[in-house]
There are 2 protein chains.
Amino acid sequence: MSQSIAGKVAIIGVGTTKFGELFEQTYNDLVVESTFEAYDDAGITGDDIEAAWLGCYLPLGWGYDGTGGPALAEALNLYPKPISRVSNYCTTGMEAVRNAALAVASGLYDCVLAVGAEKMREVPPRGSLVAQHVEKLHPLFGKGRTAPGSFAILATRYFEEFGAGKEDLAEVAVKNHYHGSLNPKAHFRKEITKEQVLKAPPVTEPLGLYDCCPTTDGAAAVVLCRADLAEKQFGKKDYVLIDGMGLSCANGYINTQFNPRFDFLGFDATTEASRQAYVQAGVTNPLEEIDVAEVHDCFTITEILNYEDLGFVKKGEGPEFVKSGASRLGGALPVNTSGGLKSCGHPIGATGARVIANLTEQLLGRYGERQVPGAQRALGHTLGGPGSVSSVFVLSKN
Amino acid sequence: MSQSIAGKVAIIGVGTTKFGELFEQTYNDLVVESTFEAYDDAGITGDDIEAAWLGCYLPLGWGYDGTGGPALAEALNLYPKPISRVSNYCTTGMEAVRNAALAVASGLYDCVLAVGAEKMREVPPRGSLVAQHVEKLHPLFGKGRTAPGSFAILATRYFEEFGAGKEDLAEVAVKNHYHGSLNPKAHFRKEITKEQVLKAPPVTEPLGLYDCCPTTDGAAAVVLCRADLAEKQFGKKDYVLIDGMGLSCANGYINTQFNPRFDFLGFDATTEASRQAYVQAGVTNPLEEIDVAEVHDCFTITEILNYEDLGFVKKGEGPEFVKSGASRLGGALPVNTSGGLKSCGHPIGATGARVIANLTEQLLGRYGERQVPGAQRALGHTLGGPGSVSSVFVLSKN
């Protein structure tokens with residue numbers, strides 16, 4: 001790898017829909033709402049967009065919306081521009097931003113759009129993601145291999161190895177629901193107590209209802225341009241720079257948990273993706289150098305593993321990190337100040353773009369009650385295909 | 001659009017499987033065979049690959065193979081590298097190459113891999129693409145809107161407007177089957193006569209069996225590197241340069257034929273994608289400046305429309321272009337010297353990468369009986385989502 005991406009690409013506008021059960025909005029409605037918010041933020045119109053990338057994970061799971069570039073062109077009247085679609089499990093939204101950023105850095109386009117969108121609630125009960133995994137996968141190692149089941153076994157192993165327990169997971173749920181209570185666009189906006197978490201109905205032992213993020217509808221949009229044009233052409237004094245972008249496919253989708261090296265105590269994909277991003281960004285001590293982070297808390301155990309895989313703390317120290325308040329607003333490194341997947345929900349194609357959008361607002365100092373004062377450097381992380389792929393961004397204020 | 005991509009990215013290795021009914025090969029087998037051929041051609045190993053892009057259109061149509069980057073990592077043991085997946089209807093394979101090329105031009109990666117793969121034959125009869133379109137789409141404008149039906153109405157309109165007929169379409173079929181008879185990797189390798197085409201069973205009037213490309217299994221791989229490293233680092237004296245890459249989403253997937261401006265006589269997406277690529281490549285007279293082309297002959301009528309949409313000839317002159325022999329081997333601008341989709345078949349995710357691979361072999365002067373002597377500049381074209389999206393590449397010998 002000869003060069004870095006650092007300093008080449010600026011984020012000049014972001015937008016997100018409210019996340020939730022959005023039965024009253026179509027897929028196109030979500031795309032339009034998030035994108036026009038991003039246009040307004042950037043001070044541009046669709047005419048300024050030269051190319052776009054759509055992140056949508058599983059359109060055929062629910063309909064044809066989001067299958068290819070034309071779905072974005074149609075929603076936004078971006079005809080006849082170049083629009084690609086990317087899909088990479090739960091990193092999909094971040095992949096849209098990453099490929100858009102590479103295209104800007106290539107010099108071919110000055111200003112591009114990345115949109116992540118997924119509409120997951122408007123399905124019959126048998127059309128849910130869980131039902132599809134049960135019905136479509138291999139009868140021996142596919143059936144029943146749902147997301148909660150895949151992550152629960154890591155919690156069990158972690159408890160055994162480090163003496164942690166359900167009450168440690170509950171700390172993550174309580175923190176992220178608190179952050180979500182401050183986020184007007186979160187799916188869940190109520191604080192919960194540790195007692196509620198521990199008494200909640202079990203989903204897959206040891207994970208209970210409040211250990212799991214919901215399935216959700218939502219979209220997020222990011223406008224990117226050449227960094228040297230952010231002020232000169234688009235009149236931005238304050239914007240966000242991409243310092244590093246890592247992506248790692250560290251295991252196959254099916255074999256994550258059949259990999260003989262897999263210790264069930266963390267995800268290689270996260271470690272490798274963050275390594276790439278840190279090298280590009282020149283980060284050597286993330287806990288010191290990162291001011292705010294959004295990480296993939298699809299389940300509470302995942303956030304604890306992320307702390308360790310991302311190098312915030314050593315193996316086994318994740319529970320203490322959250323218990324100490326370090327990852328809460330006001331702590332040393334606030335994590336998931338949006339409320340995370342736990343409170344925002346997880347429209348798969350949208351999440352990664354939502355993370356970039358929320359961190360941009362943090363770095364620009366306009367994140368309201370959730371603002372981390374003086375945040376200069378941010379980290380965004382997604383993890384997908386239970387542990388097979390991860391994406392990490394390091395962003396900074398210009 | 002400030003700059004061009006021209007001269008920044010080199011193609012230093014290509015590989016393709018035989019295309020056909022490959023029941024004896026899994027999806028992974030196809031990926032491995034095409035990629036290792038490309039590695040050998042480039043004189044590299046997987047260790048040299050820094051990032052990869054997988055093009056696979058519709059994995060959930062048939063199984064989980066190809067859903068995301070991990071599918072490529074698993075087949076090729078590319079762990080833990082960054083691998084994206086793109087999907088954009090029938091331009092999918094070309095989109096893998098395009099996004100890979102943008103990433104190289106960005107300066108982040110020196111050497112990357114693009115693979116297109118699709119396994120379409122190993123399905124029960126009700127699992128075919130046609131069956132899915134009939135079953136899954138909207139009951140009013142979805143059901144029955146199969147690919148042959150979507151393109152047949154353009155043939156009918158073209159006949160009415162320009163006085164052409166089935167015998168003109170037959171010229172395309174005869175030519176491409178002749179070219180395919182020379183291609184050991186084509187799905188169909190038999191010459192056919194005009195009489196056979198005209199007497200073939202009807203599929204959708206006016207298209208008969210020989211007017212339609214088959215559904216097929218196959219994969220193709222392309223190794224790309226920074227142009228300035230092609231000789232210095234990879235020891236290549238002869239390689240191919242990307243002069244221009246255009247992509248256009250000119251209509252929505254559903255509304256192609258509901259667009260009030262649509263005249264049913266050609267595809268705006270092709271015209272716009274070629275315009276972008278020509279500007280980048282500095283092409284002003286494609287018929288004079290392009291020596292060999294691969295275009296999207298999913299149906300015979302499509303190839304005739306492509307001649308016109310790509311600016312090889314004026315509207316209405318397509319039939320004469322093929323009848324005159326201009327697009328046959330030995331003609332002024334040989335088109336689909338591989339045999340095209342008509343003879344190679346159309347594994348959707350693979351086709352665009354196969355086109356780039358075949359044109360690379362033409363430009364390097366090693367395309368055997370199908371060689372166009374002295375070819376210096378080549379054009380590749382794909383068209384998907386019946387007319388909603390098109391991709392065009394212009395390539396040249398270094």
Side-chain angles (χ1 to χ4, degrees), chain A residues 1-5 8 50-51 58 60-61 63-64 67-74 78-89 95 98-99 101-110 136-137 226 245-255 268-269 272-273 276 280 384-385 388-389, chain B residues 1-5 8 50-51 58 60-61 63-64 67-74 78-89 95 98-99 101-110 136-137 226 245-255 268-269 272-273 276 280 384-385 388-389:
Chain A
M1 203 178 297
S2 60
Q3 296 179 32
S4 174
I5 197 85
K8 293 184 180 177
E50 293 170 7
L58 199 61
L60 276 188
Y64 269 77
T67 305
L72 200 63
E74 189 162 21
L78 284 179
Y79 305 124
K81 301 182 183 188
I83 308 179
S84 300
R85 176 190 154 225
V86 295
S87 177
N88 217 352
Y89 298 108
E95 276 284 84
R98 176 172 165 270
N99 280 277
L102 290 170
V104 168
S106 81
L108 186 55
Y109 308 112
D110 290 345
K136 289 202 173 176
L137 282 175
R226 275 173 43 195
M245 306 189 299
L247 174 72
S248 172
C249 297
N251 289 287
Y253 173 75
I254 292 297
N255 79 358
D268 289 347
E272 169 61 18
Q276 294 170 18
Q280 293 167 28
S388 64
V389 54
Chain B
M1 203 178 298
S2 61
Q3 296 179 32
S4 173
I5 196 84
K8 293 185 180 176
E50 293 171 8
L58 199 61
L60 276 188
Y64 268 78
T67 305
L72 199 64
E74 189 162 22
L78 284 178
Y79 306 123
K81 301 182 183 188
I83 308 181
S84 300
R85 176 190 154 226
V86 295
S87 177
N88 217 351
Y89 298 107
E95 275 283 84
R98 175 172 166 271
N99 280 277
L102 290 170
V104 169
S106 81
L108 186 55
Y109 308 112
D110 290 344
K136 289 203 173 175
L137 282 174
R226 273 173 45 195
M245 306 188 300
L247 175 72
S248 172
C249 297
N251 289 287
Y253 173 75
I254 292 296
N255 78 0
D268 289 347
E272 169 60 17
Q276 294 171 17
Q280 293 167 29
S388 64
V389 55

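Lettering of chains follows the sequences in order, A, B, ..., and the numbering in each one begins at 1. Please read all numbers here as calculations on a predicted model, not as lab measurements.
Between chain A and the residues B:Ser87, B:Ala51, B:Ala273, B:Gly69, the largest count of heavy-atom pairs under 4.5 Å involves B:Ser87. Counting heavy-atom pairs under 4.5 Å between each of A:Ser84, A:Ala103, A:Ala105 and chain B puts A:Ser84 at the top.
Residues A:Gln276 and B:Pro82 meet the side-chain proximity criterion, which asks for heavy atoms closer than 4.5 Å. Two residues are said to be in side-chain contact when any heavy atoms from C-beta on lie closer than 4.5 Å; B:Ser388 and A:Glu74 fail this criterion. Taking 4.5 Å as the limit, every side-chain heavy atom of A:Leu72 sits out of range of all side-chain heavy atoms of B:Cys249. B:Asn88 places a side-chain heavy atom less than 4.5 Å from the side chain of A:Pro70.
Contact annotation for B:Ala73: only side-chain heavy atoms (C-beta onward) come within less than 4.5 Å of a heavy atom of chain A. In this structure, no portion of B:Ala269 lies under 4.5 Å from any heavy atom of chain A.
Heavy atoms only, all atoms of each residue included: B:Leu108 and A:Ile5 are closest at CD1-N, 3.8 Å.
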The test is side chain to side chain contact (heavy atoms under 4.5 Å, CB included); show your working for B:Asn99 and A:Leu102 and say whether it passes.
CA-CA 8 Å; B:Asn99 280 277; A:Leu102 290 170; over 6 Å; no
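Partners of A:Ser248 according to the side-chain hydrogen bond (donor to acceptor under 3.5 Å, both in side chains) rule, which considers only residues two or more places apart in sequence or in another chain, do not exist here. Listed by chain and residue number, nothing satisfies the salt bridge (Lys or Arg N to Asp or Glu O under 4.0 Å) test with A:Arg85 (two or more places apart in sequence, or in another chain).
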